[in-house]
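Below is one structure. I have some questions about it.
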Amino acid sequence: MLRTHLATQLSSEDIGSVVRLSGWVDTIRDHGGVKFVDLRDYSGKMQIVLHEDSMLDGVNRETVISVTGKLRERSEDTINPKHSTGYIEVFAEKLEILGPCKNMLPFEINESKATREDLRLMFRYLDLRNPALRDNIILRANIISFIREQMTALGFLEVQTPILTASSPEGARDYLVPSRKHKGKFYALPQAPQIFKQLLMVSGFDRYFQIAPCFRDEDARGDRSPGEFYQLDFEMAFAEQEDVLEVAEKVMYETFTKFSDKKVSPVPFKRMTYDEAMLMYGTDKPDLRNPLVICDLTEFFSGVEFPLFKGKPVRGIVADCSGRPRSFFDNSLKYAISIGMKGLGYLTLADGDFKGPIEKFLSPGQKKELIDGLKMKDGDTLFFICDAKSAVDGLAGEVRTWLGASLDIIDTDAFEFCYITDYPMYEFNADTKHIDFTHNPFSMPIGGLDALENKDPLDIYAHQYDIVCNGIELSSGAVRNHSPEIMRKAFTIAGYTDKDLAKRFGALYTAFQYGAPPHAGMAPGIDRIVMLLAGEDTIRDVIAFPLNSNAQDYLMGAPGEVTEMQLREANIRIR
């Protein structure tokens with residue numbers, strides 16, 4: 001046996017026992033004739049005491065060793081209360097090298113997160129020895145296990161769906177896999193198990209879930225991994241929107257309260273429509289830890305003789321800026337210009353009256369209307385955002401975020417959840433000059449067939465919903481369109497013919513003609529959940545072997561070239 005215990009399994013109750021530990025040499029310290037080694041294993045660290053220098057022949061940091069010796073109590077001057085094993089140590093009787101290590105490491109293990117990311121990913125097996133990274137992977141495993149337990153307890157059945165499937169237009173580029181047996185044809189890796197989980201509902205399964213891998217050829221962001229990601233995919237038959245939201249609320253609340261000491265939004269989570277979110281927060285991913293809210297001042301300024309605001313939508317944000325120096329307002333203007341605004345007007349309330357360049361355009365009655373309507377107090381500043389209709393809400397949202405961070409009013413000790421509902425069903429594609437689906441094309445339009453037949457497509461909303469936490473979209477979902485007639489009409493508006501529908505979504509389109517139950521679901525992102533709970537800024541720090549931001553695997557050398565024989569077998573010629 002190469003070990004009898006993990007380091008942190010030992011305690012003062014084991015003092016006097018002969019133990020055998022195995023792990024990596026974390027540090028080596030020489031205290032004048034007595035040498036100490038901190039041995040690091042999967043569980044933590046243990047101090048090893050060596051009285052013979054020869055025991056360390058050929059031993060460098062990160063060498064894998066096995067140590068046999070007696071567990072004893074540390075002397076009072078060597079106690080380290082920061083570690084659970086800081087009161088005990090092993091007096092080494094035998095040390096064996098199990099895996100030698102080069103003398104020069106590419107980076108310091110415990111400081112790997114401060115190293116260039118390309119180097120970290122090239123030596124990811126060393127990076128993962130950093131306890132901070134290791135703890136993230138352990139946290140991820142525990143979260144997934146806990147979620148599985150919850151879903152099973154709620155009556156959901158775990159079902160695995162195919163990885164090799166057909167290409168379908170779901171919003172991102174597919175990863176294509178050439179077929180050896182069928183020349184010139186391709187499989188695709190699933191962007192999500194969307195069609196399969198709906199087919200399970202048609203098959204008569206009541207509640208499905210899986211921790212599903214999804215593959216999308218899209219660019220990386222801090223909260224998005226290129227290539228593949230994992231989601232808690234679930235679907236419910238004979239269910240409406242409220243049923244899905246209740247399940248997600250329960251699972252998210254229980255998960256976040258179990259794995260964090262931060263405050264978590266009580267259930268039910270706050271809900272708002274897409275239009276409300278865009279108006280009040282300037283984004284469909286609002287960070288509710290920021291207390292600032294955007295107000296619509298368009299109607300108010302329609303009666304004000306201020307030429308710059310005439311005929312354009314105007315948004316306002318009230319923030320307590322009392323005591324802020326002039327440089328704060330100068331910086332706010334610089335920020336506004338940096339995001340494409342022409343300027344950033346503002347009025348500050350002091351001694352019951354406004355001060356600022358716009359003040360002279362307001363009558364006493366109009367000033368009172370603003371102060372009373374916005375419940376302003378001395379020291380408050382009202383910032384104005386005015387731009388084209390297509391841009392004003394997004395710009396106001398960016399200003400709101402900047403103000404929240406600059407004023408240090410964002411509650412960093414909280415997880416604030418909300419649901420965004422009622423997304424627009426369609427959008428106008430300026431490049432193709434056609435109507436496109438905005439999100440999931442399989443969503444049920446609000447108003448059903450009547451809305452599709454009688455409304456302007458850009459005025460149609462869908463039973464689509466997102467769950468957002470701290471400004472990060474954790475999930476999207478929808479009540480599904482299970483009616484062949486409604487499905488045909490919905491896709492016709494987006495430019496698909498019946499022939500296109502049958503060809504590209506043939507399985508689902510055909511299945512719906514054999515009795516499909518109403519069904520709905522959603523898919524919270526596992527990687528983002530773990531990222532939030534681990535307190536990390538990048539999603540790559542909670543994935544064991546991630547691609548870099550340019551979709552490259554420095555560790556394995558992917559994507560890479562293959563042999564001519566492999567290309568021939570796959571019936572591929574490189575152009």
| field | Sequence-distant partners of Ser203, side-chain contact (heavy atoms from CB on, under 4.5 Å), two or more places apart | value |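 Scan of Ser203 (side-chain contact (heavy atoms from CB on, under 4.5 Å), adjacent residues dropped) gives Phe205.
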Pro291 meets the side-chain contact (heavy atoms from CB on, under 4.5 Å) criterion, sequence neighbours left out, with Ile409
message: Angle between ring planes, Phe269 versus Tyr419, binned at 30° and 60°: parallel, tilted or perpendicular?
response: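 Answer is tilted, since the angle falls between 30° and 60°.
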* Asked: Can you name the residues that form a salt bridge (Lys or Arg N to Asp or Glu O under 4.0 Å) with Asp135, not counting sequence neighbours?
  ->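 With sequence neighbours excluded, Asp135 shows a salt bridge (Lys or Arg N to Asp or Glu O under 4.0 Å) to no residue whatsoever.
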_Hydrogens and angles aside, do Asn80 and Tyr87 bring a side-chain donor and acceptor to less than 3.5 Å of each other?_
no
inquiry  = Between Arg140 and Asp527, does any NZ, NE, NH1 or NH2 come within less than 4.0 Å of an OD or OE carboxylate oxygen?
reply    = yes
In short, side chain to side chain donor-acceptor pair (under 3.5 Å) pairs touching residues 16-26 with sequence neighbours left out are Arg20-Ser66, Arg20-Glu96, Ser22-Ser66, Asp26-Arg40, Asp26-Lys45
- Query: Would Tyr208 and Gln210 count as having a side-chain donor-acceptor pair, cut-off 3.5 Å?
  - Reply: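 Yes, Gln210 and Tyr208 have a side-chain donor paired with an acceptor closer than 3.5 Å.
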Quiz item: For Ala507, which residues count as a side-chain contact (heavy atoms from CB on, under 4.5 Å) partner, sequence neighbours excluded?
Solution: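 With sequence neighbours excluded, Ala507 shows a side-chain contact (heavy atoms from CB on, under 4.5 Å) to Leu199, given in chain and number order.
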Can you list the steps and then say if Lys113 with Glu536 is a salt bridge (charged side-chain N to carboxylate O under 4.0 Å, His left out)? CA-CA 11 Å; Lys113 291 181 70 174; Glu536 296 289 358; 2.7 Å; yes
Only pairs at least two apart or in different chains count here, so list each salt bridge (Lys or Arg N to Asp or Glu O under 4.0 Å) that has a residue in residues 64-80.
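Residue pairs passing salt bridge (Lys or Arg N to Asp or Glu O under 4.0 Å), neighbours aside: Arg72-Glu89.
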- Sequence neighbours excluded, which residues qualify as salt bridge (Lys or Arg N to Asp or Glu O under 4.0 Å) partners of Asp38?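 Scan of Asp38 (salt bridge (Lys or Arg N to Asp or Glu O under 4.0 Å), adjacent residues dropped) gives Arg29.
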Between Glu249 and Pro268, the two heavy atoms sitting closest are OE2-CA, 3.3 Å
The complete set of salt bridge (Lys or Arg N to Asp or Glu O under 4.0 Å) pairs with one or both residues in residues 224-239, sequence neighbours excluded, reads Lys197-Asp233, Lys197-Glu235, Glu218-Arg224, Glu235-Arg480
Distance-only donor-acceptor pairs under 3.5 Å for side chains of residues 124-134, two or more places apart:
{"unit_1": "Arg124", "atom_1": "NE", "unit_2": "Ala544", "atom_2": "O", "d": "2.8"}
{"unit_1": "Arg124", "atom_1": "NH1", "unit_2": "Asp127", "atom_2": "OD2", "d": "2.7"}
{"unit_1": "Arg124", "atom_1": "NH2", "unit_2": "Arg540", "atom_2": "O", "d": "2.9"}
{"unit_1": "Arg124", "atom_1": "NH2", "unit_2": "Ile543", "atom_2": "O", "d": "2.7"}
{"unit_1": "Asp127", "atom_1": "OD1", "unit_2": "Ser112", "atom_2": "OG", "d": "2.6"}
{"unit_1": "Asp127", "atom_1": "OD1", "unit_2": "Arg120", "atom_2": "NE", "d": "3.2"}
{"unit_1": "Asp127", "atom_1": "OD2", "unit_2": "Arg120", "atom_2": "NE", "d": "3.0"}
{"unit_1": "Asp127", "atom_1": "OD2", "unit_2": "Arg120", "atom_2": "NH2", "d": "3.2"}
{"unit_1": "Arg129", "atom_1": "NH1", "unit_2": "Glu62", "atom_2": "OE1", "d": "2.8"}
{"unit_1": "Asn130", "atom_1": "OD1", "unit_2": "Ala132", "atom_2": "N", "d": "2.9"}
{"unit_1": "Asn130", "atom_1": "ND2", "unit_2": "Ile109", "atom_2": "O", "d": "3.2"}
{"unit_1": "Asn130", "atom_1": "ND2", "unit_2": "Ser112", "atom_2": "OG", "d": "3.0"}
{"unit_1": "Arg134", "atom_1": "NH1", "unit_2": "Tyr42", "atom_2": "O", "d": "3.3"}

Legend entry - Side-chain donor-acceptor pair present, Thr255, Gln150, cut-off under 3.5 Å: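 Indeed, the side chains of Thr255 and Gln150 share at least one donor-acceptor pair under 3.5 Å.
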Between Ser549 and Glu117 the two heavy atoms that sit nearest each other are N-OE1, 4.5 Å
For Arg148, the salt bridge (Lys or Arg N to Asp or Glu O under 4.0 Å) test, sequence neighbours excluded, returns Glu158
So side chain to side chain donor-acceptor pair (under 3.5 Å) across residues 398-409, not counting sequence neighbours, yields none
Please list, chain by chain and in numerical order, all residues satisfying side-chain contact (heavy atoms from CB on, under 4.5 Å) with Ala570, sequence neighbours excluded.
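Applying side-chain contact (heavy atoms from CB on, under 4.5 Å) to Ala570 gives Pro178, Ile572.
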